[in-house]
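Here's the structure, in C-alpha cells; my notes come after.
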Number of protein chains: 2
Amino acid sequence: MGKAEAKDIFSDYVREKGLRNTRQREAILETFLSSGKHITVEDLYNSLRRKTPGIGYATVHRNLKLLCESGLANEIKVGTDKARFEIKYGHEHHDHLICIRCGRFIEVKDERIERLQDKLAEANDFVPVRHNKCFGRSRKGA
Amino acid sequence: MGKAEAKDIFSDYVREKGLRNTRQREAILETFLSSGKHITVEDLYNSLRRKTPGIGYATVHRNLKLLCESGLANEIKVGTDKARFEIKYGHEHHDHLICIRCGRFIEVKDERIERLQDKLAEANDFVPVRHNKCFGRSRKGA
DNA sequence: ACAATAATGATAATTGTTATCATTAAAACA
DNA sequence: TGTTTTAATGATAACAATTATCATTATTGT
C-alpha cells in the first residue's frame with residue numbers, strides 16, 4: 001500500500017523546505033495513513049493521543065495542512081462542517097456524493113464530467129485546480 | 001425584472017407560514033434585489049443601514065435564511081469563507097467558477113455536466129439536491 | 001557538545017454563525 | 001379603535017472551528 005513511500009515523500013518534502021522531521025510528524029503521518037477515509041482533525045487527534053500522549057491539537061492540525069501542501073493529503077470542506085482530510089497519495093482523483101440528511105459520504109468518478117469541467121473552466125479562462133462535492137439525499141439514508 | 005412578483009411571493013410565503021410581514025423584511029428583500037450578485041450578510045447589512053438605520057445584523061442574517069427557505073434566494077458556501085447569497089427567483093440554475101487567488105467569481109452552465117451529474121447521483125442511490133462550485137486559478141486574475 | 005532556530009503544546013484570539021432574551025410591533029379580534 | 005397575542009427585532013452572548021501567540025523543547029548543522 002505504499003506506506004513507506006509516502007513516509008519518504010513527506011520526509012523529503014519537509015527536509016527540502018528547510019523544516020525538520022520530528023517524532024510527532026512521523027506519528028501523525030503513520031496514524032493518518034492507517035486511518036479510515038475522510039477523517040477530521042479531531043478524529044486524528046484522538047487516535048494519536050493513545051500512541052503519542054501529550055501530542056497537541058494544534059500540532060495535528062498544522063501537520064495535516066502540511067501534508068496537504070506536500071500533496072499527500074487532501075482537504076475536503078463541506079459547508080461549515082469540520083474540515084476532513086483524505087489520503088491523496090496512491091489514490092486517484094474522485095468526487096464525493098454526500099447525503100445532506102444522513103451524512104452518507106461516497107466517492108464517485110466520471111471521466112466525462114471531469115473532461116467537461118476542465119473544458120468549461122478553460123473556456124472561461126480558468127486553470128482548474130479543484131472542484132467540490134455534490135449533495136443529495138441518499139435513498140439508502142439512515 | 002420581476003421585483004414586484006418576488007415581493008409578493010415572499011410576502012405570501014411569510015403569511016402562509018404564520019409569520020409576519022415587517023418593514024425590516026421588506027427593506028431586506030428590496031435591498032437584496034437591488035444588490036449585486038453573491039452578496040454577503042455583511043455587505044447587505046452595510047447597505048441596509050443607510051436606508052434602514054437601526055436594523056440589526058441578526059435580522060439581516062435571519063431573513064436571508066428565510067429568503068432561501070422561500071426559494072427566492074440561494075446560499076453559496078465556499079470553504080470557510082463567509083456565506084454568500086444570490087437571487088434565485090427569475091435566474092436559472094448555474095454553477096460557479098471561483099479563482100482561489102483573486103476571488104474572481106463567475107457563473108457557468110453546461111447542460112451535459114448537469115445531466116451527467118444527475119445520472120451519477122441516481123446511479124448511486126442519491127437524489128441530487130445541489131452541487132458545489134469549481135475552484136481554479138483565473139488567467140484574468142488580479 | 002553547542003548554537004541556531006524550527007516545532008511543539010497550551011492557550012488565547014479570531015471569525016462567522018447562531019442562540020438568547022427583553023422589548024417592540026404586527027395581525028387578529030372584541 | 002383598543003386590546004390581546006405572539007412573532008420579530010436588535011443587542012449581545014455563546015458557540016465552534018480554525019488560526020495565532022509564545023515560552024519551552026528538540027532537531028539539525030557545525
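Worth knowing before you read on, the calculation uses all heavy atoms, side chains too, and leaves out hydrogens, waters and symmetry mates. Chain naming here is simple, since letters A, B, ... match the order of the sequence lines and numbering starts at 1 in each.
Ring geometry, A:Tyr13 versus A:Phe10: the interplanar angle falls under 30°, so the pair is classed parallel (tilted spans 30 to 60°). Note: A:Tyr57 and A:His61 have parallel aromatic rings, judged against thresholds of 30 and 60 degrees for the angle between ring planes.
Proximity of B:His61 to the phosphate of C:dG16: no side-chain N or O atom is located under 4.0 Å from OP1 or OP2. Note on A:Lys65: every side-chain N or O is 4.0 Å or more away from OP1 and OP2 of D:dT18.
Listed candidates were C:dT18, D:dT19, D:dA20. Nearest to the side chain of A:Ala58 is D:dA20. The nucleotide whose nearest atom lies closest to any side-chain atom of B:Arg25 is, among D:dT18, C:dT8, D:dA8, D:dA8.
Atom pair A:Leu66:CG and C:dA7:C1' shows a separation of 11 Å (rounding to whole Å applied). Nucleotide D:dT28 holds its C1' atom 16 Å from the CD atom of A:Glu16, rounded to whole Å. Atom CD of A:Glu26 is separated from atom P of C:dT8 by 12 Å (rounded to the nearest Å). Here the C1' atom of nucleotide C:dT15 and the NZ atom of A:Lys77 are 13 Å apart, to the nearest Å. To the nearest angstrom, P of C:dA7 lies 13 Å from CG of A:Leu67. As rounded to whole Å, 14 Å separates atom P of D:dT19 from atom CG of A:Asn63. Computed from coordinates, the A:Phe10 CZ to C:dA7 C1' distance equals 12 Å when rounded to whole Å. Rounded to an integer number of Å, the gap from B:Arg84 CZ to C:dG16 P is 11 Å.
Residues B:Glu75 and A:Ile55 each lie close to DNA chain C; by heavy-atom proximity, the contact nearer the 5' end of the strand is made by A:Ile55.
Within residues 39-50 of chain A, no residue has any heavy atom under 4.0 Å from DNA chain D.
Note on A:Lys17: nothing from the nucleic acid sits closer than 4.0 angstrom, heavy atoms only.
A donor-acceptor pair is defined here as one N or O able to donate and one able to accept, closer than 3.5 Å; no such pair exists between the side chain of B:Asp8 and the backbone of B:Glu5. Checking side-chain atoms of B:Asn46 against main-chain N and O of B:Glu42 turns up a donor-acceptor pair under 3.5 Å. Formation of a donor-acceptor pair under 3.5 Å by the A:His94 side chain with backbone atoms of A:Glu92 is found in this model.
A side-chain contact (heavy atoms from CB on, under 4.5 Å) with B:Thr59 holds for exactly one of B:Ile28, B:Leu48, B:Thr22, B:Leu64; it is B:Ile28. Remark: of the listed residues A:Val41, A:Thr40, A:Ile76, A:Asp43, A:Thr40 is the sole one forming a side-chain contact (heavy atoms from CB on, under 4.5 Å) with A:Lys82.
Ion pairing between a basic and an acidic side chain is recognised when a charged N comes within 4.0 Å of a carboxylate O; A:Glu114 and A:Lys109 show no such pairing. Between A:Glu86 and A:Lys88, none of the side-chain N atoms (NZ, or NE/NH1/NH2) sits under 4.0 Å from a carboxylate O, so this pair counts as no salt bridge. Salt-bridge check for B:Asp12 with B:Arg15: passed, with a basic side-chain N closer than 4.0 Å to an acidic carboxylate O.
Taking five base pairs at each end of the helix from C:dA1-D:dT30 to C:dA30-D:dT1, the local helix axes there meet at an angle of 30°, rounded to 10°.
With no hydrogens or angles considered, a side-chain donor-acceptor pair links A:Ser34 and A:Lys3 at under 3.5 Å.
In this structure, A:Tyr89 and A:Gly2 approach most closely via the heavy-atom pair CE2-O, 3.5 Å.
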**Request:** List the protein contact pattern of nucleotides 21-30 of chain C with one symbol per nucleotide (5' to 3'): B for base contact, S for sugar-phosphate-only contact, - for none; contact means a heavy-atom distance under 4.0 Å.
**Result:** ----BBS---
